[in-house]
Number of protein chains: 4
Amino acid sequence: MARPRSEDKRNAILDAAIEEFAARGVWSTPTAAISRTAGVAEGTLFTYFASKDVLVNELYRALKVELADAMMSTYPAKASSREKFAHVWMQYLQWAMAHPLKCKVMGQLRVSDRITTETREAGSAPFAELLREGEECVRRKVFVDQPVHFIGAMFNGLAEATMAALAEPDGSGTDYAAAGFDVFWRGVARP
Amino acid sequence: MARPRSEDKRNAILDAAIEEFAARGVWSTPTAAISRTAGVAEGTLFTYFASKDVLVNELYRALKVELADAMMSTYPAKASSREKFAHVWMQYLQWAMAHPLKCKVMGQLRVSDRITTETREAGSAPFAELLREGEECVRRKVFVDQPVHFIGAMFNGLAEATMAALAEPDGSGTDYAAAGFDVFWRGVARP
Amino acid sequence: MARPRSEDKRNAILDAAIEEFAARGVWSTPTAAISRTAGVAEGTLFTYFASKDVLVNELYRALKVELADAMMSTYPAKASSREKFAHVWMQYLQWAMAHPLKCKVMGQLRVSDRITTETREAGSAPFAELLREGEECVRRKVFVDQPVHFIGAMFNGLAEATMAALAEPDGSGTDYAAAGFDVFWRGVARP
Amino acid sequence: MARPRSEDKRNAILDAAIEEFAARGVWSTPTAAISRTAGVAEGTLFTYFASKDVLVNELYRALKVELADAMMSTYPAKASSREKFAHVWMQYLQWAMAHPLKCKVMGQLRVSDRITTETREAGSAPFAELLREGEECVRRKVFVDQPVHFIGAMFNGLAEATMAALAEPDGSGTDYAAAGFDVFWRGVARP
DNA sequence: CATGAATGAGGATTCATTCAT
DNA sequence: GATGAATGAATCCTCATTCAT
């Protein structure tokens with residue numbers, strides 16, 4: 001199938017999907033709701049995405065790419081390791097705070113069975129640079145002696161927890177973002 | 001008088017739900033699949049759970065209760081703080097490893113819109129004891145000066161990440177469970 | 001099947017059926033609603049009535065019998081024809097006003113396909129006396145020269161219309177009952 | 001652009017509904033039977049009528065409109081009052097005889113709880129002209145001194161009874177239609 | 001290509017009836 | 001006989017996808 005005409009329309013559909021998925025849950029949202037919100041006809045959705053599964057996978061990939069861009073595009077290649085991770089951490093949280101719907105949808109998609117392994121791999125590709133830095137840190141004994149993917153998982157888990165804390169409406173004013181990163185760094189840095 | 005409602009049947013339905021939800025995803029499993037797996041008629045499911053939503057909420061609560069029991073029933077009330085948290089951490093991970101399906105389903109339910117606030121609250125009730133210990137640690141300056149719910153979130157986030165790492169089939173033999181706890185403790189303990 | 005034990009229970013079921021049918025419509029009322037209102041178990045209903053259809057037919061018959069009793073038990077066998085019909089007319093309307101639910105249900109059952117011809121015939125049996133008087137009136141040229149069943153239909157149609165008028169909440173105070181009978185009598189009496 | 005919604009298909013569904021409702025009763029006919037008879041897919045019914053309730057209400061309204069058209073479209077505005085009512089009466093009965101199924105269905109719908117007040121009002125709107133004539137007759141002392149709606153109810157009640165008599169298969173050859181109107185007129189005309 | 005009506009398999013639930021207790 | 005849990009066919013409706021316009 002040739003590339004469909006309008007990139008705008010494709011994006012409108014993806015945006016509508018985010019909005020609807022966030023509001024009603026991924027598997028409770030009919031494609032008709034998405035097309036309506038996107039302002040296109042029901043059938044049009046299927047000229048841009050062959051099926052709902054495809055749409056969902058592409059959306060996941062798109063969100064990952066956007067997040068990766070937010071996190072990595074200003075990556076301070078020359079800073080210290082700590083600064084590199086801190087920078088990425090902060091970009092992550094800022095993006096998450098700026099895009100709560102996208103964040104919520106990513107959370108739902110992450111645990112979904114309909115996201116293929118291929119999509120998942122594509123989604124983590126842009127973070128290769130960060131992985132390399134992690135490996136370096138392990139090698140240089142800056143980090144504890146654990147596989148990078150494990151350390152990456154810690155990073156993610158803590159970031160998500162921090163995000164959730166930031167999202168709470170208790171407004172205690174605490175700077176969870178910085179606190180969260182401290183937990184991460186103290187946790188994985190070799191004592 | 002009359003057949004009494006059977007706890008066995010209720011459990012069979014919940015077990016079947018776990019099995020099917022893990023295999024096909026919560027919102028892709030028809031109630032008919034659950035009843036078939038449970039060995040009851042389609043209608044019987046609805047004498048035990050008024051609707052699929054109710055079933056899903058009760059299942060979430062039941063899983064939480066089971067997990068809480070695994071984590072807290074052998075809580076070492078007289079041990080040191082570190083030992084208390086370590087114990088709970090290990091019980092958590094052991095339960096998770098022993099019940100991967102339940103774990104997977106909990107992961108899906110946690111992000112679901114259909115789980116009510118009430119259910120969520122009921123699910124976290126059994127961990128009150130742990131919260132208290134956390135507060136104590138903050139007060140005694142064992143932990144960094146952050147709200148307990150934030151520290152609890154860190155605990156959870158790291159535990160989940162560790163679980164995921166344990167579930168990976170790379171079988172590197174690394175003891176992720178212990179390593180994960182070390183990250184947690186170093187992270188939240190006052191340096 | 002032997003006569004079931006308790007006549008009371010049978011009546012409770014019929015009464016409950018009237019109440020529920022009036023409130024929710026005959027075919028929107030589950031048998032379970034009837035048994036609940038009657039204060040008996042779901043299954044018990046079926047020891048008194050073999051099926052819902054049977055229940056509905058017996059109810060129709062019972063209502064007809066009750067109405068017939070109200071109309072005919074004080075039938076003034078020695079009065080003039082006009083007085084006879086007027087008496088029956090008034091009894092009819094009084095019964096209808098006194099039992100609006102029963103009346104409503106009869107209205108629904110009358111047009112229902114599930115009422116058998118046999119039931120309908122049984123329902124009109126108690127009015128034989130009145131039919132005879134009608135025939136007499138035709139023969140004696142008190143009524144216009146039409147078949148009695150046609151005149152009976154007029155009687156019924158006008159009585160129902162009068163009932164509906166009485167049920168309206170406009171409360172104009174008009175004596176519809178008497179006015180309705182006058183319309184009937186003028187209409188069918190030979191001028 | 002796109003297939004336009006077809007009035008034909010809508011009518012086919014309404015016609016099928018009449019046929020099936022007449023044969024099996026309104027609440028015993030599955031929507032699937034209607035769509036099959038109409039020659040459309042099960043789902044198509046719901047693009048024309050949002051629910052069975054909506055279909056039933058629209059059907060009632062459509063039947064009323066059709067009947068009103070039959071009765072009122074040739075209304076002899078310049079004839080005498082008696083002729084006006086006689087005309088409408090005859091049109092009513094002719095329509096009823098010509099469309100026994102529609103008539104039967106209207107009878108069932110009239111007593112149904114699912115017909116909304118709004119639908120009922122819309123259904124009686126086209127008869128305003130006749131109501132006015134009735135009021136005129138009361139004012140000019142052609143009719144007895146009763147509210148028009150009461151006289152209207154008599155008209156209806158008698159017409160229905162006459163219809164039922166006409167529908168009986170005794171084929172006595174009696175001209176019930178004319179006889180019925182005579183009953184009406186004698187009944188309501190001031191003696 | 002865009003549109004939205006048409007399709008029909010699938011799904012949650014209901015409910016008359018049966019039957020174990 | 002009474003009870004109410006168990007049954008599963010039947011029902012209304014949804015929705016991903018197709019296709020005529």
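No experiment lies behind these values; they were computed from the predicted model shown.
Judged purely by atom type and a 3.5 angstrom limit, C:Ser124 uses its side chain to pair as donor or acceptor with the backbone of C:Arg120. Between the side chain of A:Arg114 and the backbone N or O of B:Gly25, no donor-acceptor pair lies under 3.5 Å. Proximity of a side-chain donor or acceptor of A:Asn57 to a complementary backbone N or O of A:Asp53 within less than 3.5 Å is detected.
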Under the 3.5 Å Watson-Crick or G-U criterion, the dot-bracket string of DNA chain F, with | for inter-strand pairs: .||||||||||||||||||||

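Between A:Lys9 and D:Ser6, the residue anchored closer to the 5' end of DNA chain E is A:Lys9, taking for each the nucleotide with the nearest heavy atom.
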Sugar-phosphate or base contact per nucleotide [nucleotides 12-19 of chain E; S, B, -; heavy atom under 4.0 Å]: SBBSSBBB

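Residue-level contact check: B:Phe49 touches neither bases nor backbone, having no heavy atom under 4.0 Å from any strand.
Looking at every heavy atom in both residues, A:Thr29 comes nearest to A:Ala33 through CG2-CB, 4.1 Å.
In this structure, the side chains of C:Pro30 and C:Lys52 stay at 4.5 Å or more apart for every pair of heavy atoms. Side-chain atoms of B:Thr31 and B:Phe46, non-hydrogen and from C-beta on, do get closer than 4.5 Å to each other.
A sub-4.0 Å separation between OP1 or OP2 of E:dG4 and a side-chain N or O of A:Thr44 is absent. Taking only side-chain nitrogens and oxygens, C:Tyr48 never comes nearer than 4.0 Å to OP1 or OP2 of F:dG1.
Residue A:Asp8 contributes atom CG, which lies 15 Å from atom C1' of E:dA2 at whole-angstrom precision. Atom CD1 of A:Ile34 and atom P of E:dT3 are 16 Å apart (whole Å). Atom C1' of nucleotide E:dT21 and atom CZ of B:Arg5 are separated by 16 Å, given to the nearest angstrom. One interatomic measurement links the two molecules: CG of D:Leu55 to C1' of F:dT11, which rounds to 15 Å at whole-angstrom precision. A straight line from CZ of D:Arg36 to C1' of E:dG8 spans 13 Å, rounded to a whole angstrom. The distance from atom CD of C:Glu7 to atom C1' of F:dG1 is 15 Å, rounded to the nearest whole Å.
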Step-by-step side chain to side chain contact (heavy atoms under 4.5 Å, CB included) determination, C:Asp113 to D:Gln108: CA-CA 10 Å; C:Asp113 278 313; D:Gln108 290 194 51; 3.8 Å; yes

Worked check of side chain to side chain contact (heavy atoms under 4.5 Å, CB included) between A:Met106 and A:Phe21: CA-CA 10 Å; A:Met106 274 185 65; A:Phe21 285 169; over 6 Å; no

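Annotation: the span from B:Leu67 atom CG to B:His99 atom NE2 amounts to 9.5 Å, rounded to 0.5 Å.
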